[in-house]
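First the structure, in the form of structure tokens, and then the observations on it.
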2 protein chains.
Amino acid sequence: MKKGRVTIKDIARELNIAPSTVSRALNDHPALKKETKDAVKALAEALDYQPNLLALNLLQKKSNTIGVIVPEITGHFFSAIITGIQDVIVDSEYNIMICLSNESYEEELTIVKRLSKIQIDGVLVAPSSETKNFDHFRRLQKSGIPVVVFDRDCPGLEADKVLVDDYFGAFQAVEYLIGTGCKNIAHLGGPLNLSTTEQRLQGYMDALEKNKVPVNRDYIVHVPGFSHKDAVKATKKLLELQKHPDAIFAYNDKIAISAMHIVKKMGLQIPDEVSVLGFDDEPHSSFITPSLSTVWQPVYSMGMLSARILLSHLNNKNNILDFRKEVFKPELVIRASSKEK
Amino acid sequence: MKKGRVTIKDIARELNIAPSTVSRALNDHPALKKETKDAVKALAEALDYQPNLLALNLLQKKSNTIGVIVPEITGHFFSAIITGIQDVIVDSEYNIMICLSNESYEEELTIVKRLSKIQIDGVLVAPSSETKNFDHFRRLQKSGIPVVVFDRDCPGLEADKVLVDDYFGAFQAVEYLIGTGCKNIAHLGGPLNLSTTEQRLQGYMDALEKNKVPVNRDYIVHVPGFSHKDAVKATKKLLELQKHPDAIFAYNDKIAISAMHIVKKMGLQIPDEVSVLGFDDEPHSSFITPSLSTVWQPVYSMGMLSARILLSHLNNKNNILDFRKEVFKPELVIRASSKEK
DNA sequence: AATGTCTATGCAAAGGTTTGCATTATGAAG
DNA sequence: CTTCATAATGCAAACCTTTGCATAGACATT
């Protein structure tokens, strides 16, 4: 009979009416007679008519898709954020396209170009650790695409931002360690250039300073990347110092766990000889031995809020909304890898 | 000046030629004069012309997008598979849409309808643990959309499949436990109805049988879902038996780690009093104490192969390719949570 | 009877690109 | 000078839907 799927024209021909009438019937246009509408709807149902969204996209010049750019998804952090995003977006008319930058500026650039080509409607992004220049995001904004930045800040970029108070989290963590009697607290920092790295380092330093603990530059080591190897190397550097630290505050749980591995391997007791404290509170962090003290972040909520903010922009194309900056408070979770007060 | 983006018509008007000529120039049609092509290309470059993919999609009746349906991404397993998929697809012309079914048949159904509506070109799917009926996938196939199933089999569905030999992995694992002297080996099985659950259970049972160890029904407990709570409850049931097992072979690492937690809490030594063996080899499994013996699966490769198979179908629309069934061999990884032989 | 009002529907354009077929122009062959 | 072949380009349809404006018909008012 017919080739391909049923279109609005097929219904029109069958019913001897114009395609425009069919369209209006399907969209419940008020000017149509009820009988006409009913007849159209009945036939549409019978023929299993599926509107062609591709045609609609062209007409509306939008893809009904939002892009999510994250550095990776194999860890728990971004996966959980994405789950939060998805759970919000799934109830809207939008689809989600998840893109992995692999912590590479180049790849991030390629992704942005791609998203722009397919006429994405909005973008949620946690920039790669290499990204220092944000012009590619500005270009998106210039072509009318709202951009929401989450987790990692883009200093100087005017956009909606959903962040965590990393400074506060780090400050609390380090002050806690001081409170348990640690005198030589080291910091295993994240990759340089990340806003989160900077904030956590600053929190660490200010906590020391406030408590009149001298800052020892040797006790601050940054990992170049997030691999186990990177973390091991950095930890060894710390432990091989003449006077090894009695506490390690790590940039995140992943690094903290790698560090614990080495600490134990070198025969040092956790937390008696070396306390270890992480950041992120990944699900398995409570299962390792000793269970990891860490800083919890409301990841799922961050994802949900980011998505909601983006949706609100999409639904208010005309209105000029100010950029929102939401900062979540993290929470210190004390377990067994740190001493008691 | 002009409103909106530059189109092929703008270039045509500027150069006093027909839009079709511009199109052909841009696509290097052989019948065009070199001068014309060069002029068009130069102007396109100067005007920063971006082809409107939305128009192309409508014309070609395809979205240039493939859908990936997974139960969740917060664990390492599916995240790693997705990363493999992404790394293959990123070099093609296709975009990826990742969809989470949350282990729910209902949501999976909704996703499939949605993907079908946006005229997806192909689908990669690991079905939810609730899914028993595969008609929604068959409907996709009927409308010409290739479907590749990975990790979890869909019995009775004719499609490409990329699986792991779960039976073999389980068999090897249990036989190893027997070899270390364990006499009362329990199985913490996955949710019923999953092909992987069934295969691992079968491997467990056959390994016992082959080694003349009687199967004790009390030693087989299935978790209803993948939460920590579910695993804890199931483990307690095992340990509260009059004669508690001296080994636990768990459906996956997540469950194994929850189980270890309880075993330790009850004051039993791992592996001396109870051996524990998992499945999946998640990255953190080697960092818990004692480090977890498990069965490794080539997750990244599975993702890559699944994507490659789908692409090959997409590139050979006309050719009738037989359905492929690829089964990867898993590998036993012995660490400290099981005894030595 | 002429004019006006209202309701229900149709017409056609618009959105941007590709492509089979038609057309023009150019030069060569007869 | 025709005729034909060839090369280069244009025309218009097709993909499917929405929507502003036009129009037809029915009925009411003067």
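- Listed by first then second residue, pairs satisfying side-chain hydrogen bond (donor to acceptor under 3.5 Å, both in side chains) with a partner in residues 148-158 of chain A read A:Glu103-A:Arg152, A:Asp153-A:Lys161, not counting sequence neighbours.
- Here the P atom of nucleotide D:dC11 and the CG atom of B:Asn16 are 11 Å apart, to the nearest Å.
- Tested against A:Leu115 for a side-chain contact (heavy atoms from CB on, under 4.5 Å), the candidates A:Val68, A:Ile120, A:Thr110 yield a single pass: A:Ile120.
- Across all strands, A:Leu56 comes closer than 4.0 Å only to sugar-phosphate atoms, never to a base (heavy-atom distances).
- OP1 or OP2 of D:dC16 has not a single side-chain nitrogen or oxygen of A:Tyr49 nearer than 4.0 Å.
- Between B:Leu59 and B:Ala18, the residue anchored closer to the 5' end of DNA chain D is B:Ala18, taking for each the nucleotide with the nearest heavy atom.
- Distance, B:Leu53 CG to C:dT17 P: 9 Å, rounded to whole Å.
- The environment of A:Glu93 atom CD is dense: over 12 non-hydrogen atoms of other residues, nucleotides or ligands sit within 6.0 angstrom.
- Between the side chain of B:Thr83 and the backbone N or O of B:Ser79, at least one donor-acceptor pair lies under 3.5 Å.
- Look at CG on A:Asp10: it is 8 Å from P on D:dC16, rounded to the nearest Å.
- Between B:Lys9 atom NZ and D:dG10 atom C1' there is a gap of 15 Å when expressed in whole angstrom units.
- Residue A:Ile17 is classed as a sugar-phosphate contact, given heavy-atom separations below 4.0 Å to backbone atoms only.
- At a threshold of 4.0 Å, the pair B:Asp135-B:Lys142 does not count as salt-bridged, since none of the basic side-chain nitrogens sits closer than that to a carboxylate oxygen.
- The NZ-C1' distance, from A:Lys61 to C:dA14, rounds to 9 Å in whole Å.
- Residues from residues 22-34 of chain B placing a heavy atom under 4.0 Å of any atom in DNA chain D, listed by number, are B:Arg24, B:Ala31, B:Leu32, B:Lys33.
- Here B:Ser20 lies in heavy-atom contact (under 4.0 Å) with a base.
- Contact check, A:Thr21 against C:dT9: no side-chain N or O comes under 4.0 Å of OP1 or OP2.
- Going from atom CG of B:Asn52 over to atom C1' of C:dT18 covers 13 Å, rounded to whole Å.
- The structure places CG of B:Asn95 at 12.0 Å from CG of A:Asn95, a figure rounded to the nearest 0.5 Å.
- Remark: C1' of C:dG16 and CZ of B:Arg5 are 10 Å apart, rounded to the nearest angstrom.
- Following rounding to the nearest Å, A:Asp38 (CG) and C:dA8 (P) show an atom-to-atom distance of 13 Å.
- When atom types are taken as modelled, the side chain of B:Ser129 and the backbone of B:Leu194 share no donor-acceptor pair closer than 3.5 angstrom.
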